[in-house]
2 protein chains.
Amino acid sequence: MGTTSKALSLLSFFSRARASIGLSDMARLSGMNKATAHRLLSELADQGFVEQTGTGREYRLGPAVLRLAALRENTVPMRDMAMQVLTDLSAATGETAHMSVLSGDVLSSIAYTYAHAHGTMVMMEDAEVLTLHATGSGLAVLAFSDPGFVDQALARPLAARTRHTETDPAAIRALLPGIRARGFATSVGGFEEDVHSHAAPVFDAQSRCIGAVAVAAPVSRMTNALRDSIQAELLTRTTHLTRLLGGFLPSTFPTFEPQVTLQKGA
Amino acid sequence: MGTTSKALSLLSFFSRARASIGLSDMARLSGMNKATAHRLLSELADQGFVEQTGTGREYRLGPAVLRLAALRENTVPMRDMAMQVLTDLSAATGETAHMSVLSGDVLSSIAYTYAHAHGTMVMMEDAEVLTLHATGSGLAVLAFSDPGFVDQALARPLAARTRHTETDPAAIRALLPGIRARGFATSVGGFEEDVHSHAAPVFDAQSRCIGAVAVAAPVSRMTNALRDSIQAELLTRTTHLTRLLGGFLPSTFPTFEPQVTLQKGA
DNA sequence: AACCGACGGTTCAAATAATGAACCGCACAC
DNA sequence: GTGTGCGGTTCATTATTTGAACCGTCGGTT
């Protein structure tokens, strides 16, 4: 791995739970020598990607990322487009919809909408990190990523978020062909107890999978009718989003021809 | 300069005007060898900081910055706080207010508000880049930055944005003591023709200047009364913002005691 | 007050990664 | 068909990164 990747990888240790990290902690988390971590953090700080807090001397994310994000949104208004689609999707299904994008080997939530149709809804956090093996979105991404990436993602120990999290790499691999055939993944209670999630992949202009859209409903509310509704809405709207973002479905993606075609005779 | 800084500096060439940049262009802009630029861009792409567009194979900012910006805002809600202050400031003055933060040796606009009080207003762009020598905000920052930084910022050739841009480093240096004494800077037509700008610095927890708040009005509308109003509002509200952000005014910052104190006798 | 451990930060020889001139294949223009 | 510029690659040379050991400092414990 190059020096630049190492430096940037330090940024991935920041999260909502760890908004600021000390030098020694960062060295431990990243497995780097303290001197190395210090030099990399100093360079990141020079460029405004991190800054040091007043009290203590911990590091936290810096202001430079704000400008880049504003430019990114200006260039590729992914979030805006996702919000449109998610709003429709949660309205149509009556449940929470969210989109996450691949960032290294985890997914980051970038947008979500609630339906306000019921007293209870699945709640989301800003910038939440979703693991690939424990979520519907992650499975959808894995199913449509290249084998090398899957190997890499499943090579590390897989943490169990709940009692229902599948942590056996072989079992996860076994799910992928079915997901590829159907075009979407499901997960019941793998990330949060009592959450039933359906997720479909989103692709970029090179037909690479860049993330997923998911609909998350309480397990207690799941019925055959709701499941059918979610699956139909999710697939049509997520393929639409891929197109909106300038992306293309891969040739292997299943197509869902309308039942009735105009070719009556033939 | 370290490798990491070089890689991150590539990101600064993206702007609204140049949302995507090809490999050869990037090599030219940065002065790097094409092979070097390619390797650095590849590493940035691995980490999701840039990505390649479908048509052509140019590079543009990637999705990773979105997550970091969301976390930064979650950690230090600078933009939210700035928006509150800017809204009040433009309402009180009837003019456009904006805040920019130091990023390397330029300022990046992070938030702005309009007053809608007149038919004409000074317009701002998202993520606009302001040079230090040509803007009121830049002068305010220079005046309250350490001498080494000022030397560095003024060492390079200073571009003239308009006929009124001051490009003589000595002349700019001569302005700084006055700005330090008053607590704010002014610029007339230096960045955009017909724009009269007042700007005051914002400080972090170590009393380092991290950016500036400015009020920008058309030159044609500037009167003594408006100028007095802008100066008073700008100073009180900007010092307030520094405190809101957890920062401290440096001990050298001029204080503006209320004219009437309670110590009548003494 | 003396001690201890952990912190952020620094040093410098050894090890490793970055560098860039030349090169490739390709697409497009003339 | 030929020339130009593109994105991308190669590999010997070179400069940077690396990390064990080291500082001084801070806060808690004895």
Side-chain angles (χ1 to χ4, degrees), chain A residues 1-14 18-62 75-76 146 148 204-208 246-248, chain B residues 1-14 18-62 75-76 146 148 204-208 246:
Chain A
M1 200 199 314
T3 309
T4 301
S5 295
K6 285 181 199 161
L8 294 177
S9 75
L10 292 182
L11 298 176
S12 69
F13 293 106
F14 293 104
R18 296 192 75 118
S20 63
I21 305 180
L23 173 60
S24 296
D25 272 355
M26 187 63 96
R28 266 189 293 276
L29 285 169
S30 63
M32 293 174 188
N33 184 280
K34 202 168 52 165
T36 302
H38 177 250
R39 194 171 38 76
L40 296 179
L41 284 169
S42 295
E43 287 204 62
L44 290 170
D46 286 346
Q47 305 294 319
F49 282 72
V50 302
E51 65 183 10
Q52 286 183 278
T53 58
T55 65
R57 284 158 297 178
E58 298 197 317
Y59 295 85
R60 67 180 173 208
L61 287 169
T75 309
V76 185
D146 65 73
D204 73 4
Q206 282 80 39
S207 292
R208 289 174 310 207
F248 297 93
Chain B
M1 199 195 329
T3 308
T4 301
S5 295
K6 285 181 198 160
L8 294 177
S9 74
L10 292 182
L11 298 176
S12 68
F13 293 106
F14 292 104
R18 296 191 75 117
S20 64
I21 305 179
L23 173 60
S24 296
D25 273 356
M26 187 62 96
R28 268 189 291 276
L29 285 169
S30 62
M32 294 174 188
N33 182 281
K34 201 168 52 164
T36 302
H38 178 250
R39 195 171 36 76
L40 295 180
L41 284 170
S42 296
E43 287 206 61
L44 290 170
D46 285 346
Q47 305 294 318
F49 283 72
V50 302
E51 65 182 9
Q52 285 183 278
T53 58
T55 66
R57 283 157 299 179
E58 299 197 314
Y59 295 84
R60 69 179 172 208
L61 288 169
T75 310
V76 186
D146 65 74
D204 73 3
Q206 283 82 40
S207 291
R208 290 173 308 208

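A note on names: the letters A, B, ... follow the listed sequences, proteins ahead of strands, and every chain is numbered from 1. Quick caveat, the model's predicted, so the values are computed rather than measured.
- Regarding B:Leu10, its CG atom lies at a distance of 14 Å from the C1' atom of C:dA18, rounded to whole Å.
- Between the CD atom of A:Glu43 and the P atom of D:dT16 there is a distance of 11 Å, given to the nearest Å.
- Taking atom CD1 on B:Ile21 and atom P on D:dC6, their separation rounds to 14 Å, with Å as the unit.
- Remark: P of C:dG9 and CG of A:Leu41 are 9 Å apart, rounded to the nearest angstrom.
- Taking the side chain as every heavy atom from C-beta outward, A:Leu29 and A:Arg18 approach each other to under 4.5 Å.
- Listed nucleotides: C:dA21, D:dG7, C:dG8. Nearest to the side chain of A:Leu23: C:dG8.
- Across C:dG8, D:dT10, D:dG7, the shortest atom-to-atom separation from the side chain of B:Ser24 is found for D:dG7.
- With the nearest nucleotide of DNA chain C identified for both A:Thr3 and A:His38, A:His38 has the one nearer the 5' end.
- With rounding to whole Å, B:Met32 atom CE is found 17 Å from D:dG8 atom C1'.
- The nearest whole Å value for the distance from the CG atom in A:Asn33 to the C1' atom in C:dC12 is 13 Å.
- Put simply, the side chain of A:Lys34 and the base of D:dG19 share no donor and acceptor less than 3.5 Å apart.
- The backbone N or O of B:Gly62 lies less than 3.5 Å from no partner atom in the side chain of B:Glu51, so there is not a single donor-acceptor pair.
- Atom-to-atom, CG of A:Leu40 to P of C:dG8 comes out at 15 Å; the value is rounded to the nearest Å.
- Residue A:Tyr59 places no side-chain N or O under 4.0 Å from the OP1 or OP2 atom of C:dC7.
- Between B:Arg28 and B:Lys6, the residue anchored closer to the 5' end of DNA chain D is B:Arg28, taking for each the nucleotide with the nearest heavy atom.
- Going from atom CG of B:Asp25 over to atom P of D:dG7 covers 7 Å, rounded to whole Å.
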